[in-house]
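Data block below; observations after.
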Amino acid sequence: MPHTARARIARLTGLLGTITLLTVGTGCSTGGSTREPLPGPPRSEPAASDQVAQEHPLDTEELKAALPNQSSVPADLNEPRSRKAWDTTDATVCQSEGWPDTWCAQATALGLAGFTNLKDQELTVRLISFPDTDTAAQLFQGEGTPDEVGDNPPGDEIDGFDIEASHQTPTWSGKGINVREGAVTAKIEYTWKDGTTIPPERMQALTEMVVHRIQQAQNSEPPTASAR
């Protein structure tokens with residue numbers, strides 16, 4: 001066989017092999033959608049020191065420090081409502097904050113911070129700390145996807161939800177985010193009066209701020225992260 005013919009066959013064989021590998025690697029299918037959550041971007045493995053920090057359960061003082069304060073929330077939420085933390089010796093307090101009974105039975109501390117502009121916006125951030133990351137992860141069971149708060153959502157697990165108008169607040173609605181960072185889970189609820197203009201990046205900024213403040217507390221650093 002002429003040398004040029006053998007070269008063409010070798011090139012064609014290599015090309016077919018590459019196409020086969022690409023097809024297998026992408027898992028292409030002609031079937032319908034499975035409706036599974038889209039996978040997020042790959043997360044790098046945490047360094048040993050970061051893993052130890054995440055395993056560290058935050059006590060009441062640490063959890064209170066991780067809560068946002070007046071200087072860390074957007075300036076248009078200029079009226080603080082409350083900012084406190086409790087231990088979990090009284091399960092009814094945990095349950096009254098809207099956490100499931102199974103979570104309350106294993107939590108170590110709770111936190112709550114609220115802000116408003118007394119007009120058309122309100123923000124509530126609730127934190128719950130567990131003895132370790134495994135416990136928090138087993139209880140979270142989120143179904144979030146990368147589009148909850150952008151293409152690269154913060155936290156180890158995240159799940160977004162809508163807050164619909166209620167009988168008590170028929171003209172108010174909003175958005176919520178549940179996000180876990182290590183052994184701590186946060187519930188961020190942001191509501192506003194119908195017709196209020198909210199910056200499109202607001203939920204992303206609030207979520208990143210809460211997660212970063214949790215991380216700082218887990219690393220025994222003064223929480224300074226801000227959404228401003």
Side-chain angles (χ1 to χ4, degrees), residues 37 40 43 46 50-69 72-73 81-115 122-146 148-149 153-164 166 168-169 173-191 203 206-220 223 225:
R43 295 180 61 90
D50 294 336
Q51 185 63 42
V52 170
Q54 289 188 334
E55 289 288 345
H56 170 58
L58 300 184
D59 61 25
T60 53
E61 290 302 315
E62 293 168 323
L63 203 68
K64 182 177 179 179
L67 287 165
N69 53 29
S72 64
V73 298
R81 281 197 160 175
S82 60
R83 186 171 181 268
K84 54 186 177 180
W86 312 264
D87 61 30
T88 54
T89 53
D90 185 351
T92 60
V93 174
C94 179
Q95 294 159 359
S96 69
E97 290 301 312
W99 298 112
D101 292 353
T102 52
W103 293 36
C104 294
Q106 301 189 63
T108 58
L110 308 170
L112 167 68
F115 307 89
E122 291 188 356
L123 168 67
T124 302
V125 177
R126 291 180 173 86
L127 302 182
I128 185 167
S129 182
F130 296 98
D132 51 60
T133 295
D134 287 344
T135 301
Q138 290 169 6
L139 292 170
F140 191 89
Q141 297 181 345
E143 298 178 354
T145 61
E148 297 289 10
V149 285
D156 293 323
E157 293 182 276
I158 195 164
D159 205 6
F161 57 94
D162 292 321
I163 301 174
E164 299 180 353
S166 67
Q168 291 81 7
T169 56
S173 57
K175 294 288 184 180
I177 291 287
N178 291 319
V179 59
R180 181 182 67 81
E181 178 62 25
V184 179
T185 293
K187 178 183 288 185
I188 305 164
E189 295 175 302
Y190 188 36
T191 57
M203 284 306 296
L206 290 171
T207 307
E208 289 179 350
M209 178 262 292
V210 170
V211 169
H212 291 161
R213 290 181 71 88
I214 293 171
Q215 291 172 338
Q216 290 170 322
Q218 289 169 335
N219 284 304
S220 300

Between Tyr190 and Glu122, does a side-chain contact (heavy atoms from CB on, under 4.5 Å) hold up when you go through it step by step? CA-CA 6 Å; Tyr190 188 36; Glu122 291 188 356; over 6 Å; no
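- Counting heavy atoms from C-beta on, the side chains of Leu112 and Ser82 come closer than 4.5 Å.
- Residues passing the ring pair (Phe, Tyr, Trp, His ring centres under 6.0 Å) test with Trp103, sequence neighbours excluded: Trp99, Phe130.
- Between the Glu157 side chain and the Phe140 main chain, no donor and acceptor come within less than 3.5 Å of each other.
- Between Ala91 and Cys104, the shortest heavy-atom distance links the atoms O-SG, 4.4 Å.
- A pairwise comparison of heavy atoms in Thr169 and Ser166 identifies OG1-OG, 2.9 Å as the closest pair.
- At distances below 3.5 Å, not a single donor-acceptor pair connects side-chain atoms of Thr135 with backbone N or O atoms of Pro131.
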Before you tell me yes or no, could you show the steps for Ile128 and Cys94 under side-chain contact (heavy atoms from CB on, under 4.5 Å), namely the whole-Å CA-CA distance, both residues' side-chain angles and the distance that decides it to 0.1 Å? CA-CA 9 Å; Ile128 185 167; Cys94 179; 4.3 Å; yes
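- Of the charged side-chain nitrogens involved, none lies within less than 4.0 Å of a carboxylate oxygen, so that Lys175 and Glu189 do not count as a salt-bridged pair.
- No side-chain heavy atom of Thr60 sits under 4.5 Å from any side-chain heavy atom of Thr108.
- The closest donor-acceptor contact from the side chain of Gln218 to the backbone of Glu181 lies under 3.5 Å.
- Taking 4.5 Å as the limit, every side-chain heavy atom of Ile158 sits out of range of all side-chain heavy atoms of Asn178.
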Please report the C-alpha distance between Arg126 and Leu110 in whole Å, then the side-chain angles of each, then the deciding distance to 0.1 Å, and finally whether the side-chain contact (heavy atoms from CB on, under 4.5 Å) criterion is met. CA-CA 7 Å; Arg126 291 180 173 86; Leu110 308 170; over 6 Å; no
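- Asp162 places no side-chain N or O within 3.5 Å of a backbone atom of Glu164 that could act as its donor or acceptor partner.
- In terms of heavy atoms, Pro223 sits closest to Gln216 at CA-OE1, 3.2 Å.
- Among Asp134, Asp156, Asp159, the one residue that satisfies the salt bridge (Lys or Arg N to Asp or Glu O under 4.0 Å) test with Arg180 is Asp156.
- Using a 4.5 Å cut-off on side-chain heavy atoms (C-beta onward), Phe115 and Arg81 make no contact.
- Classification of Glu97 and Lys187 as a salt-bridged pair fails, no side-chain N sitting under 4.0 Å from a carboxylate O.
- Panel note: side chain Arg213, backbone Leu67; a donor-acceptor pair is recorded below 3.5 Å.
- Within the structure, the salt bridge (charged side-chain N to carboxylate O under 4.0 Å, His left out) test picks out no pair touching residues 59-69 (sequence neighbours left out).
- Residues Leu63 and Val184 meet the side-chain proximity criterion, which asks for heavy atoms closer than 4.5 Å.
- For the pair Ile177 and Gly160, the tightest heavy-atom approach, listed with the atom from each and the gap, is CD1-CA, 3.8 Å.
- Heavy-atom minimum distance, Gly182 versus Ala136: O-CB, 3.6 Å.
- A distance of 8.5 Å separates OG1 in Thr191 from CG in Leu123, rounded to the nearest 0.5 Å.
- Between the side chain of Thr88 and the backbone N or O of Ala107, at least one donor-acceptor pair lies under 3.5 Å.
- A distance of 11.0 Å separates OG1 of Thr92 from CG of Asp101, quoted to the nearest 0.5 Å.
- Here the side chains of Leu127 and Val125 are in contact, with some heavy-atom distance below 4.5 Å.
- Within the 4.5 Å cutoff, the side chain of Val211 has heavy atoms near those of the Val179 side chain.
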